[in-house]
Amino acid sequence: MALRDHALHVHNTLSRSKERFEPLAEGQVGIYVCGPTVYSDTHLGHAKSYVSFDVIVRYLRHLGFKVRYVQNITDVGHLTDDADEGEDKLGKRARLDQMHPMELAETYTRLYLRDMDALKVERADIYPRASGHISEQINIIEELMERGNAYEVGGNVYFSVPSWEAYGKLSGRQSSEQEAGHRVEVRGDKKDPRDFALWKVAEGGHILRWKSPWGWGFPGWHVECSAMSVKYLGETFDIHGGGLENQFPHHECEIAQSNAVGDGFARYWLHNNMINVDGVKMGKSLGNFITIEDALRDHDPETIRAFLLMTHYRSPANYTTDGLTSARNGLDRLHGAVRALTEAAASAPTDPQPGDAALGAATAKADADFHAAMDDDFNTPIAIAALYEFVKPVNQLLAAGNASQGVLLAAQDVFMALGEGVLGIMGDPAAADGGMAADPFIDLLLVVRNELKQLKSFELADRIRADLDTNGVEVKDTKDGASWERRS
RNA sequence: GGCGCCGUAGCCAAGUGGUUAGGCAGUGGAUUGCAAAUCCGCCUACUCCGGUUCGAAUCCGGACGGCGCCUCCA
(Lines give C-alpha, C1' and ligand atoms only; values in the text may rest on other atoms or scores of the structure.)
Protein backbone atom coordinates (compact mmCIF):
# COMPACT_ATOMS: atom_id res chain seq x y z
CA MET A 1 0.00 0.00 0.00
CA ALA A 2 1.33 3.36 -0.96
CA LEU A 3 1.96 5.95 1.68
CA ARG A 4 -0.65 8.69 1.71
CA ASP A 5 0.30 12.29 1.72
CA HIS A 6 0.12 13.41 5.27
CA ALA A 7 1.40 16.03 7.65
CA LEU A 8 1.45 13.91 10.77
CA HIS A 9 2.73 15.69 13.85
CA VAL A 10 3.00 14.02 17.22
CA HIS A 11 3.57 15.44 20.66
CA ASN A 12 6.94 14.18 21.80
CA THR A 13 7.38 14.16 25.55
CA LEU A 14 11.14 14.43 25.02
CA SER A 15 10.79 17.88 23.50
CA ARG A 16 7.42 18.75 25.04
CA SER A 17 6.23 19.91 21.68
CA LYS A 18 4.60 18.67 18.53
CA GLU A 19 7.08 17.43 15.98
CA ARG A 20 6.69 16.37 12.41
CA PHE A 21 6.67 12.58 12.42
CA GLU A 22 9.42 11.11 10.31
CA PRO A 23 10.04 7.42 10.83
CA LEU A 24 13.52 6.00 10.81
CA ALA A 25 12.84 3.87 7.78
CA GLU A 26 10.71 5.18 4.94
CA GLY A 27 7.19 3.87 5.20
CA GLN A 28 7.81 1.79 8.30
CA VAL A 29 7.06 2.39 11.94
CA GLY A 30 8.22 0.51 15.00
CA ILE A 31 6.18 1.19 18.11
CA TYR A 32 6.47 -0.14 21.62
CA VAL A 33 3.78 0.44 24.21
CA CYS A 34 4.08 -0.49 27.86
CA GLY A 35 1.65 -3.30 28.47
CA PRO A 36 -0.10 -4.51 31.59
CA THR A 37 1.18 -6.34 34.58
CA VAL A 38 -1.04 -9.37 34.56
CA TYR A 39 -2.05 -9.95 38.13
CA SER A 40 -5.59 -8.60 38.27
CA ASP A 41 -8.56 -7.65 36.14
CA THR A 42 -8.32 -5.32 33.20
CA HIS A 43 -9.86 -1.96 34.01
CA LEU A 44 -10.84 1.37 32.47
CA GLY A 45 -7.33 2.71 32.77
CA HIS A 46 -6.16 0.01 30.42
CA ALA A 47 -9.02 0.90 28.11
CA LYS A 48 -8.01 4.55 27.96
CA SER A 49 -4.41 3.73 27.22
CA TYR A 50 -4.81 0.86 24.80
CA VAL A 51 -7.73 2.31 22.88
CA SER A 52 -5.64 5.45 22.44
CA PHE A 53 -2.70 3.54 21.06
CA ASP A 54 -4.99 1.28 19.07
CA VAL A 55 -6.26 4.33 17.21
CA ILE A 56 -2.74 5.66 16.80
CA VAL A 57 -1.60 2.40 15.25
CA ARG A 58 -4.75 2.13 13.14
CA TYR A 59 -4.16 5.63 11.83
CA LEU A 60 -0.50 4.95 11.03
CA ARG A 61 -1.61 1.91 9.06
CA HIS A 62 -4.37 3.90 7.44
CA LEU A 63 -1.72 6.31 6.22
CA GLY A 64 0.05 3.38 4.65
CA PHE A 65 2.85 2.78 7.11
CA LYS A 66 3.95 -0.74 7.69
CA VAL A 67 3.75 -0.90 11.46
CA ARG A 68 5.30 -3.31 13.89
CA TYR A 69 3.47 -2.90 17.17
CA VAL A 70 5.09 -4.48 20.22
CA GLN A 71 3.45 -4.55 23.62
CA ASN A 72 4.97 -6.30 26.58
CA ILE A 73 3.17 -8.51 29.03
CA THR A 74 4.70 -8.11 32.44
CA ASP A 75 4.46 -11.47 34.09
CA VAL A 76 7.41 -11.09 36.41
CA GLY A 77 6.10 -9.62 39.58
CA HIS A 78 7.69 -6.43 40.65
CA LEU A 79 7.70 -5.15 44.14
CA THR A 80 4.89 -3.62 46.06
CA ASP A 81 6.75 -0.61 47.25
CA ASP A 82 9.23 2.00 46.29
CA ALA A 83 12.09 0.94 48.49
CA ASP A 84 12.51 -2.19 46.42
CA GLU A 85 11.33 -4.20 49.32
CA GLY A 86 8.19 -6.04 50.16
CA GLU A 87 6.42 -8.73 48.28
CA ASP A 88 6.25 -9.23 44.57
CA LYS A 89 2.67 -8.31 43.73
CA LEU A 90 2.19 -11.11 41.29
CA GLY A 91 3.48 -13.53 43.84
CA LYS A 92 1.27 -12.05 46.48
CA ARG A 93 -1.81 -12.37 44.37
CA ALA A 94 -0.84 -15.89 43.40
CA ARG A 95 -0.49 -16.84 47.02
CA LEU A 96 -3.89 -15.37 47.81
CA ASP A 97 -5.48 -17.18 44.89
CA GLN A 98 -3.50 -20.36 45.60
CA MET A 99 -2.12 -20.45 42.11
CA HIS A 100 1.33 -20.74 40.70
CA PRO A 101 2.48 -17.26 39.68
CA MET A 102 2.75 -18.34 36.07
CA GLU A 103 -0.72 -19.80 36.18
CA LEU A 104 -1.98 -16.51 37.50
CA ALA A 105 -0.12 -14.56 34.83
CA GLU A 106 -1.53 -16.78 32.12
CA THR A 107 -5.06 -16.40 33.46
CA TYR A 108 -4.91 -12.64 33.49
CA THR A 109 -3.11 -12.45 30.19
CA ARG A 110 -6.02 -14.29 28.61
CA LEU A 111 -8.53 -12.05 30.33
CA TYR A 112 -6.62 -9.01 29.20
CA LEU A 113 -6.68 -10.11 25.58
CA ARG A 114 -10.32 -11.09 25.87
CA ASP A 115 -11.25 -7.64 27.16
CA MET A 116 -9.16 -5.86 24.54
CA ASP A 117 -10.78 -7.93 21.81
CA ALA A 118 -14.17 -7.00 23.21
CA LEU A 119 -13.24 -3.33 23.00
CA LYS A 120 -12.27 -3.81 19.37
CA VAL A 121 -8.63 -3.11 20.16
CA GLU A 122 -6.61 -4.68 17.40
CA ARG A 123 -3.93 -6.97 18.70
CA ALA A 124 -0.32 -5.95 18.81
CA ASP A 125 1.97 -7.84 16.48
CA ILE A 126 4.14 -9.16 19.28
CA TYR A 127 3.28 -9.58 22.94
CA PRO A 128 6.63 -10.47 24.46
CA ARG A 129 6.54 -11.82 28.01
CA ALA A 130 9.07 -10.53 30.49
CA SER A 131 9.57 -14.04 31.84
CA GLY A 132 10.58 -15.21 28.40
CA HIS A 133 13.31 -12.61 28.07
CA ILE A 134 15.33 -13.08 31.22
CA SER A 135 18.56 -13.79 29.38
CA GLU A 136 18.18 -10.62 27.32
CA GLN A 137 17.69 -8.67 30.50
CA ILE A 138 20.71 -10.29 32.13
CA ASN A 139 22.76 -9.39 29.06
CA ILE A 140 21.88 -5.74 29.44
CA ILE A 141 22.68 -5.79 33.13
CA GLU A 142 26.05 -7.42 32.50
CA GLU A 143 26.88 -4.85 29.90
CA LEU A 144 25.87 -2.05 32.21
CA MET A 145 28.21 -3.46 34.84
CA GLU A 146 31.06 -3.74 32.37
CA ARG A 147 30.58 -0.14 31.38
CA GLY A 148 30.51 1.02 34.94
CA ASN A 149 26.86 2.01 34.97
CA ALA A 150 25.78 -0.65 37.41
CA TYR A 151 27.07 -2.34 40.53
CA GLU A 152 26.23 -5.36 42.62
CA VAL A 153 25.64 -5.51 46.32
CA GLY A 154 24.93 -8.87 47.84
CA GLY A 155 23.06 -10.31 44.89
CA ASN A 156 21.23 -7.10 44.08
CA VAL A 157 22.30 -5.06 41.08
CA TYR A 158 21.58 -1.36 40.80
CA PHE A 159 21.84 1.14 38.02
CA SER A 160 24.08 4.00 39.04
CA VAL A 161 22.18 7.17 38.24
CA PRO A 162 25.21 9.43 38.87
CA SER A 163 26.99 7.53 36.10
CA TRP A 164 24.44 8.71 33.58
CA GLU A 165 24.32 12.46 33.35
CA ALA A 166 21.35 12.68 31.03
CA TYR A 167 19.08 11.11 33.63
CA GLY A 168 15.99 13.27 34.04
CA LYS A 169 15.79 14.50 30.48
CA LEU A 170 12.40 12.98 29.75
CA SER A 171 10.58 13.88 32.91
CA GLY A 172 12.44 16.97 33.98
CA ARG A 173 13.06 15.24 37.24
CA GLN A 174 16.16 13.88 38.81
CA SER A 175 14.91 12.02 41.73
CA SER A 176 11.92 11.56 43.86
CA GLU A 177 14.05 11.28 46.88
CA GLN A 178 15.77 14.42 48.09
CA GLU A 179 12.58 16.35 48.52
CA ALA A 180 10.95 16.73 51.85
CA GLY A 181 7.84 14.91 52.76
CA HIS A 182 6.74 11.41 53.38
CA ARG A 183 9.21 9.34 51.52
CA VAL A 184 9.85 5.75 52.24
CA GLU A 185 13.22 4.87 53.60
CA VAL A 186 15.82 4.29 50.99
CA ARG A 187 17.32 0.91 50.88
CA GLY A 188 20.61 0.95 52.59
CA ASP A 189 22.71 -0.84 50.03
CA LYS A 190 22.24 1.72 47.25
CA LYS A 191 25.19 4.03 46.68
CA ASP A 192 22.90 6.85 45.63
CA PRO A 193 19.27 7.20 46.62
CA ARG A 194 18.28 7.67 42.98
CA ASP A 195 19.77 4.36 41.91
CA PHE A 196 17.25 1.78 40.81
CA ALA A 197 17.21 -1.99 40.82
CA LEU A 198 18.20 -3.98 37.77
CA TRP A 199 18.27 -7.34 39.47
CA LYS A 200 16.91 -8.43 42.79
CA VAL A 201 18.00 -11.35 44.89
CA ALA A 202 15.18 -13.83 45.42
CA GLU A 203 14.56 -14.19 49.07
CA GLY A 204 12.54 -16.64 51.07
CA GLY A 205 9.59 -18.11 49.26
CA HIS A 206 9.96 -16.09 46.09
CA ILE A 207 8.75 -18.57 43.49
CA LEU A 208 9.57 -16.72 40.30
CA ARG A 209 13.35 -16.80 40.26
CA TRP A 210 16.07 -17.27 37.73
CA LYS A 211 19.74 -18.11 37.88
CA SER A 212 21.97 -15.18 37.16
CA PRO A 213 25.64 -14.26 37.51
CA TRP A 214 24.63 -12.71 40.83
CA GLY A 215 22.77 -15.70 42.11
CA TRP A 216 19.11 -16.62 42.09
CA GLY A 217 16.88 -13.65 41.60
CA PHE A 218 14.59 -11.79 39.30
CA PRO A 219 14.84 -8.70 37.12
CA GLY A 220 14.03 -5.20 38.28
CA TRP A 221 11.09 -3.19 37.18
CA HIS A 222 12.44 -1.25 34.23
CA VAL A 223 14.85 -3.49 32.41
CA GLU A 224 12.31 -5.72 30.69
CA CYS A 225 11.07 -2.91 28.46
CA SER A 226 14.59 -1.99 27.45
CA ALA A 227 15.34 -5.58 26.59
CA MET A 228 12.19 -6.40 24.67
CA SER A 229 11.74 -3.17 22.76
CA VAL A 230 15.26 -3.27 21.39
CA LYS A 231 15.08 -6.97 20.65
CA TYR A 232 12.06 -6.62 18.38
CA LEU A 233 12.37 -3.07 17.11
CA GLY A 234 16.09 -2.45 17.00
CA GLU A 235 18.48 -0.34 19.01
CA THR A 236 16.76 2.79 17.73
CA PHE A 237 13.07 2.76 17.00
CA ASP A 238 10.32 5.22 16.32
CA ILE A 239 7.69 5.40 19.03
CA HIS A 240 7.55 4.43 22.65
CA GLY A 241 4.17 4.88 24.26
CA GLY A 242 2.66 4.40 27.63
CA GLY A 243 0.63 5.93 30.39
CA LEU A 244 1.61 9.27 31.81
CA GLU A 245 2.22 7.74 35.20
CA ASN A 246 5.06 5.75 33.71
CA GLN A 247 6.91 8.79 32.49
CA PHE A 248 8.78 8.89 35.76
CA PRO A 249 10.48 6.89 36.89
CA HIS A 250 9.84 3.97 34.56
CA HIS A 251 10.55 5.57 31.20
CA GLU A 252 13.31 7.72 32.60
CA CYS A 253 15.04 4.58 33.79
CA GLU A 254 14.47 2.82 30.51
CA ILE A 255 16.13 5.66 28.66
CA ALA A 256 19.10 5.74 30.99
CA GLN A 257 19.84 2.04 30.88
CA SER A 258 19.12 1.69 27.18
CA ASN A 259 21.28 4.58 26.13
CA ALA A 260 24.05 3.44 28.42
CA VAL A 261 24.39 0.25 26.39
CA GLY A 262 23.30 1.45 22.96
CA ASP A 263 22.49 4.48 20.91
CA GLY A 264 19.19 6.03 20.16
CA PHE A 265 16.40 4.07 21.74
CA ALA A 266 12.93 5.57 21.20
CA ARG A 267 12.75 8.72 19.09
CA TYR A 268 9.22 9.82 19.91
CA TRP A 269 7.72 9.36 23.36
CA LEU A 270 3.93 9.46 23.56
CA HIS A 271 2.10 9.48 26.85
CA ASN A 272 -1.61 9.13 27.34
CA ASN A 273 -3.39 10.79 30.21
CA MET A 274 -5.40 9.09 32.90
CA ILE A 275 -9.05 8.35 33.49
CA ASN A 276 -11.13 9.45 36.45
CA VAL A 277 -14.39 7.98 37.62
CA ASP A 278 -17.00 10.54 38.62
CA GLY A 279 -14.24 13.07 38.99
CA VAL A 280 -12.08 10.97 41.25
CA LYS A 281 -8.83 9.30 40.36
CA MET A 282 -9.25 5.66 39.65
CA GLY A 283 -6.52 3.66 41.25
CA LYS A 284 -5.86 0.16 42.34
CA SER A 285 -4.89 1.33 45.76
CA LEU A 286 -8.15 3.27 46.03
CA GLY A 287 -10.18 0.22 45.15
CA ASN A 288 -12.58 2.19 42.94
CA PHE A 289 -11.52 0.89 39.61
CA ILE A 290 -14.11 -0.25 37.13
CA THR A 291 -13.16 -3.34 35.22
CA ILE A 292 -13.71 -3.54 31.51
CA GLU A 293 -16.03 -6.45 32.12
CA ASP A 294 -18.14 -4.17 34.33
CA ALA A 295 -18.14 -1.39 31.79
CA LEU A 296 -19.16 -3.74 28.99
CA ARG A 297 -22.13 -4.92 31.02
CA ASP A 298 -23.57 -1.42 30.87
CA HIS A 299 -22.25 -0.11 27.58
CA ASP A 300 -21.42 -1.50 24.20
CA PRO A 301 -17.80 -1.39 23.04
CA GLU A 302 -18.28 1.35 20.50
CA THR A 303 -19.90 3.61 23.07
CA ILE A 304 -16.92 3.15 25.35
CA ARG A 305 -14.50 3.79 22.51
CA ALA A 306 -16.41 6.85 21.35
CA PHE A 307 -16.54 8.16 24.88
CA LEU A 308 -12.80 7.72 25.30
CA LEU A 309 -11.98 9.18 21.92
CA MET A 310 -14.11 12.25 22.47
CA THR A 311 -11.35 13.33 24.83
CA HIS A 312 -7.87 13.79 23.43
CA TYR A 313 -5.45 11.04 24.45
CA ARG A 314 -3.24 13.53 26.31
CA SER A 315 -6.15 14.92 28.30
CA PRO A 316 -7.70 13.23 31.29
CA ALA A 317 -11.08 11.61 30.75
CA ASN A 318 -13.85 11.49 33.29
CA TYR A 319 -15.99 8.38 33.23
CA THR A 320 -19.58 9.23 34.15
CA THR A 321 -22.95 7.75 33.33
CA ASP A 322 -23.96 10.99 31.62
CA GLY A 323 -20.81 10.98 29.55
CA LEU A 324 -21.45 7.48 28.32
CA THR A 325 -25.09 8.23 27.58
CA SER A 326 -24.06 11.28 25.63
CA ALA A 327 -21.58 9.23 23.65
CA ARG A 328 -24.19 6.58 22.94
CA ASN A 329 -26.79 9.06 21.72
CA GLY A 330 -24.31 10.81 19.53
CA LEU A 331 -23.13 7.55 18.07
CA ASP A 332 -26.70 6.66 17.11
CA ARG A 333 -26.80 9.71 14.91
CA LEU A 334 -23.64 8.61 13.14
CA HIS A 335 -24.88 5.08 12.72
CA GLY A 336 -28.19 6.35 11.40
CA ALA A 337 -26.48 8.23 8.63
CA VAL A 338 -24.50 5.17 7.55
CA ARG A 339 -27.60 3.00 7.53
CA ALA A 340 -29.45 5.57 5.49
CA LEU A 341 -26.59 5.77 3.02
CA THR A 342 -26.49 2.02 2.69
CA GLU A 343 -30.19 1.82 2.03
CA ALA A 344 -30.17 4.71 -0.41
CA ALA A 345 -27.19 3.31 -2.32
CA ALA A 346 -28.94 -0.02 -2.78
CA SER A 347 -31.57 1.52 -5.03
CA ALA A 348 -29.78 4.58 -6.35
CA PRO A 349 -29.16 5.10 -10.07
CA THR A 350 -25.66 4.53 -11.35
CA ASP A 351 -25.60 7.38 -13.81
CA PRO A 352 -24.73 10.93 -12.70
CA GLN A 353 -27.35 12.78 -10.67
CA PRO A 354 -27.90 16.46 -9.79
CA GLY A 355 -26.98 15.99 -6.13
CA ASP A 356 -23.64 14.36 -6.86
CA ALA A 357 -21.58 17.50 -6.77
CA ALA A 358 -22.88 18.65 -3.41
CA LEU A 359 -22.51 15.28 -1.74
CA GLY A 360 -19.13 14.79 -3.32
CA ALA A 361 -17.94 18.11 -1.96
CA ALA A 362 -19.22 17.32 1.52
CA THR A 363 -17.52 13.94 1.36
CA ALA A 364 -14.21 15.50 0.36
CA LYS A 365 -14.47 18.04 3.15
CA ALA A 366 -15.20 15.40 5.77
CA ASP A 367 -12.28 13.34 4.55
CA ALA A 368 -9.91 16.30 4.60
CA ASP A 369 -11.07 17.55 7.98
CA PHE A 370 -10.70 14.11 9.50
CA HIS A 371 -7.16 13.69 8.24
CA ALA A 372 -6.16 17.19 9.29
CA ALA A 373 -7.40 16.47 12.80
CA MET A 374 -5.63 13.13 13.04
CA ASP A 375 -2.45 14.56 11.59
CA ASP A 376 -2.46 17.02 14.47
CA ASP A 377 -1.30 14.65 17.18
CA PHE A 378 -4.22 12.29 16.73
CA ASN A 379 -6.89 14.82 17.66
CA THR A 380 -9.77 12.35 17.81
CA PRO A 381 -12.35 14.80 19.26
CA ILE A 382 -12.01 16.94 16.16
CA ALA A 383 -11.85 13.92 13.89
CA ILE A 384 -15.17 12.76 15.33
CA ALA A 385 -16.56 16.27 14.96
CA ALA A 386 -15.67 16.07 11.27
CA LEU A 387 -17.88 13.01 11.00
CA TYR A 388 -20.72 14.74 12.81
CA GLU A 389 -20.47 17.73 10.55
CA PHE A 390 -20.69 15.34 7.65
CA VAL A 391 -23.95 13.86 8.90
CA LYS A 392 -25.97 16.97 8.24
CA PRO A 393 -25.24 17.35 4.52
CA VAL A 394 -25.60 13.60 4.11
CA ASN A 395 -29.10 13.66 5.55
CA GLN A 396 -30.00 16.72 3.53
CA LEU A 397 -28.84 15.09 0.31
CA LEU A 398 -30.52 11.84 1.19
CA ALA A 399 -33.78 13.69 1.74
CA ALA A 400 -33.42 15.18 -1.72
CA GLY A 401 -32.80 11.70 -3.05
CA ASN A 402 -30.86 12.82 -6.08
CA ALA A 403 -27.41 11.33 -5.69
CA SER A 404 -25.98 8.47 -7.70
CA GLN A 405 -24.87 5.18 -6.27
CA GLY A 406 -21.16 5.77 -6.63
CA VAL A 407 -21.28 9.06 -4.77
CA LEU A 408 -23.43 7.57 -2.02
CA LEU A 409 -21.00 4.71 -1.60
CA ALA A 410 -18.08 7.11 -1.49
CA ALA A 411 -19.82 8.96 1.32
CA GLN A 412 -20.44 5.72 3.14
CA ASP A 413 -16.81 4.81 2.70
CA VAL A 414 -15.71 7.88 4.65
CA PHE A 415 -17.68 6.63 7.62
CA MET A 416 -16.44 3.12 7.26
CA ALA A 417 -12.79 3.72 6.41
CA LEU A 418 -12.34 6.51 8.92
CA GLY A 419 -15.04 6.09 11.56
CA GLU A 420 -14.69 2.34 11.66
CA GLY A 421 -11.30 1.62 10.15
CA VAL A 422 -9.43 4.22 12.16
CA LEU A 423 -11.61 4.94 15.18
CA GLY A 424 -13.47 1.65 15.46
CA ILE A 425 -16.81 3.19 16.35
CA MET A 426 -18.99 2.62 13.30
CA GLY A 427 -19.47 -1.11 13.32
CA ASP A 428 -20.46 -3.03 10.27
CA PRO A 429 -23.98 -2.06 9.23
CA ALA A 430 -24.48 -5.30 7.32
CA ALA A 431 -23.45 -7.43 10.27
CA ALA A 432 -25.46 -5.36 12.71
CA ASP A 433 -28.69 -5.96 10.88
CA GLY A 434 -28.54 -9.19 9.09
CA GLY A 435 -29.17 -12.80 9.66
CA MET A 436 -31.57 -12.97 12.56
CA ALA A 437 -34.17 -15.68 12.33
CA ALA A 438 -36.95 -13.35 13.45
CA ASP A 439 -36.42 -10.86 10.66
CA PRO A 440 -39.07 -12.16 8.22
CA PHE A 441 -41.65 -12.17 10.96
CA ILE A 442 -40.85 -8.63 11.98
CA ASP A 443 -41.23 -7.62 8.35
CA LEU A 444 -44.57 -9.41 8.27
CA LEU A 445 -45.75 -7.63 11.41
CA LEU A 446 -44.97 -4.32 9.80
CA VAL A 447 -46.90 -5.23 6.68
CA VAL A 448 -49.89 -6.06 8.84
CA ARG A 449 -49.41 -2.92 10.86
CA ASN A 450 -49.33 -0.86 7.72
CA GLU A 451 -52.68 -2.26 6.67
CA LEU A 452 -54.07 -1.48 10.12
CA LYS A 453 -52.89 2.08 9.67
CA GLN A 454 -54.70 2.25 6.33
CA LEU A 455 -57.81 1.16 8.19
CA LYS A 456 -57.13 3.83 10.82
CA SER A 457 -56.78 1.16 13.48
CA PHE A 458 -54.10 3.21 15.15
CA GLU A 459 -54.55 1.69 18.57
CA LEU A 460 -53.64 -1.77 17.31
CA ALA A 461 -50.88 -0.37 15.09
CA ASP A 462 -49.38 1.46 18.03
CA ARG A 463 -49.51 -1.66 20.14
CA ILE A 464 -47.50 -3.58 17.59
CA ARG A 465 -44.94 -0.82 17.53
CA ALA A 466 -44.79 -0.67 21.32
CA ASP A 467 -44.43 -4.41 21.68
CA LEU A 468 -41.69 -4.54 19.10
CA ASP A 469 -39.98 -1.73 20.94
CA THR A 470 -40.16 -3.69 24.16
CA ASN A 471 -38.33 -6.46 22.36
CA GLY A 472 -35.60 -4.17 21.16
CA VAL A 473 -36.92 -3.42 17.70
CA GLU A 474 -37.39 0.22 16.88
CA VAL A 475 -39.97 1.06 14.22
CA LYS A 476 -39.73 4.17 12.11
CA ASP A 477 -42.46 5.27 9.76
CA THR A 478 -41.32 7.18 6.74
CA LYS A 479 -43.12 8.42 3.69
CA ASP A 480 -41.75 5.39 1.86
CA GLY A 481 -43.15 2.98 4.40
CA ALA A 482 -42.02 1.61 7.71
CA SER A 483 -38.51 0.48 8.54
CA TRP A 484 -37.08 -1.01 11.66
CA GLU A 485 -33.79 -1.65 13.34
CA ARG A 486 -32.47 -3.34 16.39
CA ARG A 487 -31.34 -1.10 19.14
CA SER A 488 -27.74 -1.73 20.07
C1' G B 1 8.27 19.98 49.60
C1' G B 2 9.70 19.01 44.08
C1' C B 3 7.99 18.47 38.85
C1' G B 4 3.86 19.20 35.63
C1' C B 5 -1.21 19.97 33.90
C1' C B 6 -5.87 22.29 33.86
C1' G B 7 -9.94 25.92 34.83
C1' U B 8 -14.52 27.03 27.99
C1' A B 9 -21.82 27.94 27.74
C1' G B 10 -26.93 22.96 31.80
C1' C B 11 -23.23 18.59 30.89
C1' C B 12 -18.99 16.63 27.93
C1' A B 13 -15.18 18.59 24.94
C1' A B 14 -11.71 20.94 20.80
C1' G B 15 -9.43 25.36 19.75
C1' U B 16 -6.74 29.78 16.93
C1' G B 17 -4.33 36.58 18.86
C1' G B 18 -9.44 39.51 15.08
C1' U B 19 -14.20 34.26 10.54
C1' U B 20 -20.64 31.14 16.16
C1' A B 21 -15.75 23.78 16.68
C1' G B 22 -18.54 19.52 17.67
C1' G B 23 -21.63 16.24 20.67
C1' C B 24 -25.38 15.47 24.58
C1' A B 25 -29.41 17.66 27.05
C1' G B 26 -33.21 21.50 26.63
C1' U B 27 -36.44 24.31 23.63
C1' G B 28 -39.57 26.61 19.13
C1' G B 29 -41.05 25.04 14.23
C1' A B 30 -41.53 21.71 9.72
C1' U B 31 -42.85 16.68 8.85
C1' U B 32 -46.06 12.60 11.08
C1' G B 33 -52.68 9.67 12.53
C1' C B 34 -49.37 9.84 17.04
C1' A B 35 -44.32 8.75 17.70
C1' A B 36 -39.29 7.87 16.07
C1' A B 37 -35.83 9.55 12.58
C1' U B 38 -34.65 13.84 9.72
C1' C B 39 -34.49 19.06 8.50
C1' C B 40 -34.83 24.63 9.85
C1' G B 41 -34.20 27.74 14.27
C1' C B 42 -32.93 29.07 19.57
C1' C B 43 -29.53 28.27 23.83
C1' U B 44 -23.02 32.10 21.30
C1' A B 45 -19.01 30.46 26.56
C1' C B 46 -14.12 30.98 27.85
C1' U B 47 -12.38 31.41 36.95
C1' C B 48 -10.78 36.33 38.80
C1' C B 49 -7.25 40.63 38.73
C1' G B 50 -3.51 43.17 36.27
C1' G B 51 -0.24 43.71 31.81
C1' U B 52 1.33 43.42 26.37
C1' U B 53 -1.65 44.61 21.86
C1' C B 54 -5.44 48.49 17.44
C1' G B 55 -7.65 43.89 19.30
C1' A B 56 -6.94 38.14 23.93
C1' A B 57 -10.76 32.99 25.91
C1' U B 58 -6.09 32.51 22.99
C1' C B 59 0.60 35.83 24.99
C1' C B 60 2.93 37.50 30.04
C1' G B 61 2.45 38.10 35.52
C1' G B 62 -0.41 37.29 39.85
C1' A B 63 -4.61 35.36 42.77
C1' C B 64 -8.15 31.67 43.62
C1' G B 65 -9.84 26.74 42.47
C1' G B 66 -9.17 21.66 40.66
C1' C B 67 -5.97 17.64 39.19
C1' G B 68 -1.74 14.41 38.08
C1' C B 69 3.13 12.42 39.00
C1' C B 70 6.96 12.06 42.76
C1' U B 71 4.79 4.64 45.80
C1' C B 72 2.57 -0.62 42.09
C1' C B 73 -0.56 1.52 38.67
C1' A B 74 -2.62 2.38 31.97
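Since this is a predicted model, take the numbers as computed values, not measurements. So you know, we letter chains A, B, ... as the sequences are listed, proteins then strands, and number each from 1.
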Are any of the side-chain heavy atoms of [X] and [Y] separated by less than 4.5 Å?
| X | Y | value |
| --- | --- | --- |
| A:His6 | A:His371 | no |
| A:Leu60 | A:Tyr69 | no |
| A:Val33 | A:Tyr50 | yes |
| A:Trp484 | A:Asp443 | yes |

Evaluate whether the aromatic ring of A:Tyr388 and the six-membered ring of the B:G22 base sit under 5.5 Å apart, centre to centre, with an inclination under 30°. no
Using Watson-Crick or G-U wobble geometry with both distances below 3.5 Å, tell me the partner of [N], or none.
| N | value |
| --- | --- |
| B:U27 | B:G41 |
| B:C34 | none |
| B:G55 | none |
| B:G65 | B:C6 |

Separation of atom [atom1] in [X] from atom [atom2] in [N], rounded to whole Å:
| X | N | atom1 | atom2 | answer |
| --- | --- | --- | --- | --- |
| A:Asn246 | B:A74 | CG | P | 7 Å |
| A:His250 | B:G68 | NE2 | P | 22 Å |
| A:Leu331 | B:G22 | CG | P | 19 Å |
| A:Glu245 | B:C5 | CD | C1' | 15 Å |
| A:Phe248 | B:C5 | CZ | P | 17 Å |
| A:Leu334 | B:G23 | CG | P | 10 Å |
| A:Asp332 | B:A36 | CG | P | 14 Å |
| A:Glu451 | B:G33 | CD | C1' | 17 Å |

Could you give the distance separating [M] and [N] at their [atom1] atoms, to the nearest angstrom?
| N | M | atom1 | answer |
| --- | --- | --- | --- |
| B:G10 | B:C48 | P | 14 Å |
| B:C6 | B:A45 | P | 23 Å |
| B:G18 | B:G23 | P | 23 Å |
| B:A56 | B:G51 | P | 11 Å |
| B:A35 | B:U27 | P | 14 Å |
| B:G7 | B:G15 | C1' | 15 Å |
| B:A63 | B:C11 | P | 27 Å |
| B:G65 | B:G26 | C1' | 29 Å |

Heavy atoms under 4.0 Å, any strand shown: does [X] hit a base, just sugar-phosphate, or nothing?
| X | answer |
| --- | --- |
| A:Lys453 | base |
| A:Val33 | nothing |
| A:Asn276 | nothing |
| A:Gly330 | sugar-phosphate |
| A:Met310 | sugar-phosphate |
| A:Ser49 | sugar-phosphate |
| A:Arg463 | nothing |
| A:Tyr50 | sugar-phosphate |
| A:Ser52 | nothing |
| A:Ile384 | nothing |

Spacing of A:Ser49 atom OG and A:Asn272 atom CG [to the nearest 0.5 Å]: 3.5 Å
For [X] and [N], is the shortest distance between a side-chain N/O and OP1 or OP2 below 4.0 Å?
| X | N | answer |
| --- | --- | --- |
| A:Ser171 | B:C69 | no |
| A:Asn272 | B:A74 | no |
| A:Asn273 | B:G68 | no |
| A:Lys392 | B:U38 | no |

Taking only the side-chain heavy atoms of [X] (C-beta and beyond), determine which of [options] contains the nearest atom.
| X | options | result |
| --- | --- | --- |
| A:Lys281 | B:C69, B:A74, B:C24 | B:C69 |
| A:Gln396 | B:G33, B:A14, B:C40 | B:C40 |
| A:Arg333 | B:G68, B:C24, B:A74 | B:C24 |
| A:Phe458 | B:A14, B:G33, B:G22 | B:G33 |
| A:Glu389 | B:C40, B:G68, B:G22 | B:G22 |
| A:Ile382 | B:C24, B:G15, B:G33 | B:G15 |

Do other residues, nucleotides or ligands put more than 12 heavy atoms under 6.0 Å from A:Arg114 CZ? yes
Side-chain donor/acceptor of A:Asp462 to base of B:G33, under 3.5 Å: yes
On the side chain of A:Arg465, is there an atom forming a donor-acceptor pair with the base of B:A35 - under 3.5 Å, no angle test? yes
If each of A:Ala386 and A:Phe307 is mapped to the nucleotide of RNA chain B with the nearest heavy atom, which maps nearer the 5' terminus, i.e. the 5' end? A:Phe307
Nearest-nucleotide comparison on RNA chain B, the residue closer to the 5′ end among A:Lys476 and A:Ala327: A:Ala327
Would you sort out whether A:His271 and A:His251 count as a ring-ring contact (aromatic ring centres under 6.0 Å, His included), showing the intermediate values? CA-CA 10 Å; A:His271 290 100; A:His251 293 158; 4.9 Å; yes
Quick check: A:His9 with A:Phe378 (ring centres under 6.0 Å apart)? no
Ring centre gap for A:His240 and A:Tyr268 strictly below 6.0 Å: no
